[in-house]
**Student:** 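Provided herewith is a single structure, encoded as structure tokens, for subsequent inquiry.
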Amino acid sequence: MTISYTLDVSQTNLQSFFSLLLRWRGSVWKAVFGQLAVWTAVFLLISCIYRYMLSPSQQDVFEQLIRYFDNKLDANIPLTFLLGFFVSFVVARWGSILNGIGWIDDASLLFATYIRGADEETRVIRRNLVRYLVLSQALVLRDISMQVRKRFPTMDTLAASGLMTHEEMDILDHIKDPYSRYWTSIQWSLNLVYECQKKGKVDSYYLMNKIVDEIGKFRHGLASLLKYDWVPVPLVYPQVIFLAVRIYFMICLIGRQFIVTGPNPSGIDLWLPITTMVQFLVYMGWMKVAEALLNPLGEDDDDLECNYIIDKNLITGLSIVDTMWKHDDTGYSMVEEHMAKTPAQKKDEFWGIDKIAPLYSMESAERSVHPLVGSASKINLVKNKKEIVMTPHKNKLSELDPSEQKTYLRRVNVSDHNAKHAKQRGLERANSPDKCLSKMRSRSNGKFRTSANGSQNGVDLWTRADSPDDSSHDSCSHSGSII
């Protein structure tokens, strides 16, 4: 789950500093605290052995060992130099992966704008173009991200979630080359765009090429993800860095002990090496940044929300391509294109559904996600006010006479806003995601049984069925909105 702290640093003051510092999830405290506690316990154990269990002659030998290990330790193992280069390299690689993960907005806007037509056939094509791009993204991510792999452990789960049909799954199953399988749905998209141009749904070859180029950019980003997964950072590089940091602090277990006997004892005996513990916190935290960013498609606190990106692309894409074209109240008739290597164009699984809810396995649905919502979007700044007075900026007011100033004065009633905000927050508190998932789990355990012929209570497993007795009175059916 990506940890958002943007709102905490919206102001540069002590409150923002402490709000940032006192976080736990994704923090340096969570990453380092356990190891620091173990290191400190071992340090104190060695100190007790040195002070109370060694003979005077053994203590002399141990003190010589302390001086030897502490001599020029920072010069012999230059952690700042090693970690600085490595973390810079890993952060740059992380940025490239983030840019390559793919957002469907641009392609969807071109589909909606350049592929003209409000008829059902054209709407099906536009929506399937979006679905094919999302399917390609899901096929790539499920092979390189454990988040997505747990959500879609088999190809059947992709079909059950509505990202592809049975026919499309059969076509993909017959493709032996796994790399070609990723781009099959991209090829379907290109074939559809070409057929749209031939039928006059796209006005010119120039506009067709614009759409093709945008699909190519989307595919290129996914291909870069495969390359980063295929060719990781050379193993020796992270091995050297991770080993150097840990060896440094293993040496510090002896080299930073306080000398309490002999002719040259330490100036002060604190038992705990405070400065070395600060070093441990900084250097080990720095290294943990690199460890977390080496594979940002994993399941750590700050890894990218791959499943959310698939959901966001599907929902946003389908919404964009259908916004310009109104729904016709006509009967549905199947359109079959019979294109080379392109499946028949059918209504997608989410046809006619306003609130699209992509499916997860019950296990993967438990993982929390951080949605693409502004960090300040849920803050109500007018909670205890009845109205807001709007006026020009003071610099402009100085240029206006009193009569002109009065014409610009506006009073905005915020009672409705506060009522909507309070209602929305109340729904969010009453219908927590964990509570809704628990209800869904108990509902599925109690009402659905899989029969031998692959159906649930006589209903085809691949069919999305609305249960009126479940949905009409379920408080978890209310979706949230941004106020």
**Student:** Just to verify, what does Lys30 make a salt bridge (charged side-chain N to carboxylate O under 4.0 Å, His left out) with, not counting sequence neighbours?
**Tutor:** Asp301

**Student:** Would Lys312 and Glu305 satisfy salt bridge (charged side-chain N to carboxylate O under 4.0 Å, His left out), going step by step from the backbone distance to the final call?
**Tutor:** CA-CA 10 Å; Lys312 187 263 177 193; Glu305 299 288 358; over 6 Å; no

**Student:** Would Arg131 and Glu349 pass as an ion pair if we require N to O under 4.0 Å?
**Tutor:** no

**Student:** Would you find a donor on one side and an acceptor on the other, under 3.5 Å apart, between the side chain of Ser438 and the backbone of Asp434?
**Tutor:** no

**Student:** Evaluate salt bridge (charged side-chain N to carboxylate O under 4.0 Å, His left out) for Arg149 paired with Glu299, printing each intermediate quantity in order.
**Tutor:** CA-CA 11 Å; Arg149 193 70 180 188; Glu299 297 182 287; over 6 Å; no

**Student:** Looking at Tyr360, is Arg151 sitting on its ring face, NZ or CZ under 6.0 Å from the six-membered ring centre and within 45 degrees of the normal?
**Tutor:** yes

**Student:** Can we say Arg441 and Glu366 salt-bridge, meaning some charged N sits less than 4.0 Å from an Asp/Glu carboxylate O?
**Tutor:** yes

**Student:** Grab the two heavy atoms, one from Leu359 and one from Ser161, that are nearest each other, plus how far apart they are.
**Tutor:** CD1-CA, 4.0 Å

**Student:** Does Asp322 offer a backbone N or O that forms a donor-acceptor pair with the side chain of Arg126 under 3.5 Å?
**Tutor:** no

**Student:** How many angstroms lie between atom NZ of Lys385 and atom CG of Asn418, to the nearest 0.5 angstrom?
**Tutor:** 10.5 Å

**Student:** When you compare the side chains of Thr80 and Tyr283, does any donor N or O come within less than 3.5 Å of an acceptor on the partner?
**Tutor:** yes

**Student:** Is the number of heavy atoms from other residues, nucleotides or ligands within 6.0 Å of CZ (Phe242) greater than 12?
**Tutor:** yes

**Student:** On a heavy-atom basis, which atom in Ala357 and which in Phe350 lie closest, and how many Å separate them?
**Tutor:** O-CE2, 4.4 Å

**Student:** Please check if atom CH2 in Trp286 has more than 12 non-hydrogen atoms from other residues, nucleotides or ligands closer than 6.0 Å.
**Tutor:** yes

**Student:** What verdict does the side-chain contact (heavy atoms from CB on, under 4.5 Å) test give for Gln345 and Glu195, after you've listed the backbone C-alpha separation in whole Å, the side-chain angles of each residue and the deciding distance to 0.1 Å?
**Tutor:** CA-CA 12 Å; Gln345 295 302 290; Glu195 289 295 327; over 6 Å; no

**Student:** Which label fits Tyr237 and Phe89: parallel for a plane angle under 30°, tilted from 30 to 60°, or perpendicular past 60°?
**Tutor:** tilted

**Student:** Looking at NZ of Lys150 and OG1 of Thr157, how far apart are the two atoms once the value is rounded to the nearest 0.5 Å?
**Tutor:** 14.5 Å

**Student:** Report yes if some heavy atom in the side chain of Asn380 is under 4.5 Å from a heavy atom in the side chain of Arg425; otherwise report no.
**Tutor:** no

**Student:** Does Gln424 reach the main-chain N or O of His421 with its side chain, forming a donor-acceptor pair under 3.5 Å?
**Tutor:** no

**Student:** Are Asn191 and Gln187 close enough that a side-chain donor and a side-chain acceptor fall under 3.5 Å?
**Tutor:** yes

**Student:** Taking Asn99 for its side chain and Gly95 for its backbone only, find out whether a donor-acceptor pair lies under 3.5 Å.
**Tutor:** yes

**Student:** Taking NZ, NE, NH1 and NH2 as the nitrogens, is one of them in Arg123 or Asp348 under 4.0 Å from a carboxylate oxygen of the other?
**Tutor:** no

**Student:** Are any non-hydrogen side-chain atoms of Tyr194 and Val202 less than 4.5 angstrom apart?
**Tutor:** no

**Student:** Can you name the closest pair of heavy atoms from Trp188 and Leu135 and give their distance?
**Tutor:** CZ3-CD2, 4.3 Å

**Student:** How long is the straight-line distance from CD1 of Ile315 back to CD1 of Ile320, given to the nearest 0.5 Å?
**Tutor:** 12.0 Å

**Student:** Got a donor-acceptor contact below 3.5 angstrom from the Arg219 side chain to the Ser136 backbone?
**Tutor:** no

**Student:** Any donor-acceptor pair under 3.5 Å linking the side-chain atoms of Asp303 with those of Gln147?
**Tutor:** no

**Student:** Name the orientation class of the two ring planes belonging to Phe249 and Trp39 (parallel below 30°, tilted from 30 to 60°, perpendicular beyond 60°).
**Tutor:** perpendicular

**Student:** Leu139 and Tyr182: which non-hydrogen atoms are nearest, and at how many Å?
**Tutor:** O-CE2, 3.4 Å

**Student:** Mind checking the CG-CG spacing from Leu110 to Asp213? Nearest 0.5 Å is all I need.
**Tutor:** 9.5 Å

**Student:** Are the side chains of Trp351 and Lys346 in touch, meaning some heavy atoms are under 4.5 Å apart?
**Tutor:** no

**Student:** Measuring from atom CG of Asn307 to atom OG of Ser364, what distance do you get when rounded to the nearest 0.5 angstrom?
**Tutor:** 6.0 Å

**Student:** Taking the side chain as everything from C-beta on, heavy atoms only, tell me whether Leu437 gets closer than 4.5 Å to Met362.
**Tutor:** yes

**Student:** Using side-chain heavy atoms (C-beta onward) and a distance below 4.5 Å, is Ile115 in contact with Leu129?
**Tutor:** yes

**Student:** Verify salt bridge (charged side-chain N to carboxylate O under 4.0 Å, His left out) between Arg181 and Asp143, making sure each step is shown before the conclusion.
**Tutor:** CA-CA 12 Å; Arg181 181 185 296 180; Asp143 281 357; over 6 Å; no

**Student:** Apply side-chain contact (heavy atoms from CB on, under 4.5 Å) to Glu404 and Glu399, showing your working.
**Tutor:** CA-CA 9 Å; Glu404 289 175 325; Glu399 302 173 3; over 6 Å; no

**Student:** Looking at Val28, Val245, Leu36, which one forms a side-chain contact (heavy atoms from CB on, under 4.5 Å) with Met284?
**Tutor:** Val245

**Student:** Between Leu133 and Phe218, what is the shortest heavy-atom contact and its length?
**Tutor:** O-CE2, 3.3 Å

**Student:** Walk me through it: do Ile144 and Trp230 pass the test side-chain contact (heavy atoms from CB on, under 4.5 Å)?
**Tutor:** CA-CA 9 Å; Ile144 62 177; Trp230 179 42; over 6 Å; no

**Student:** Write down the atom of Glu387, the atom of Val414, and the distance for their closest heavy-atom approach.
**Tutor:** N-CG2, 3.7 Å

**Student:** Nearest 0.5 angstrom please: Gln137 CD to Ile104 CD1, how far?
**Tutor:** 7.5 Å

**Student:** Hey, does Lys217 have a side-chain heavy atom less than 4.5 Å from the side chain of Asp106?
**Tutor:** no

**Student:** Return yes when atom CZ of Phe33 has more than 12 non-hydrogen atoms of other residues, nucleotides or ligands closer than 6.0 Å, and no otherwise.
**Tutor:** no

**Student:** Please tell me if the side chains of Trp29 and Leu281 come closer than 4.5 Å, counting only heavy atoms from C-beta onward.
**Tutor:** yes

**Student:** Given Leu83 and Val289, is the side-chain contact (heavy atoms from CB on, under 4.5 Å) satisfied, shown in steps?
**Tutor:** CA-CA 10 Å; Leu83 282 170; Val289 171; over 6 Å; no

**Student:** State, with a plain yes or no, whether a side-chain heavy atom of Leu297 is found less than 4.5 Å away from one of Tyr228.
**Tutor:** no

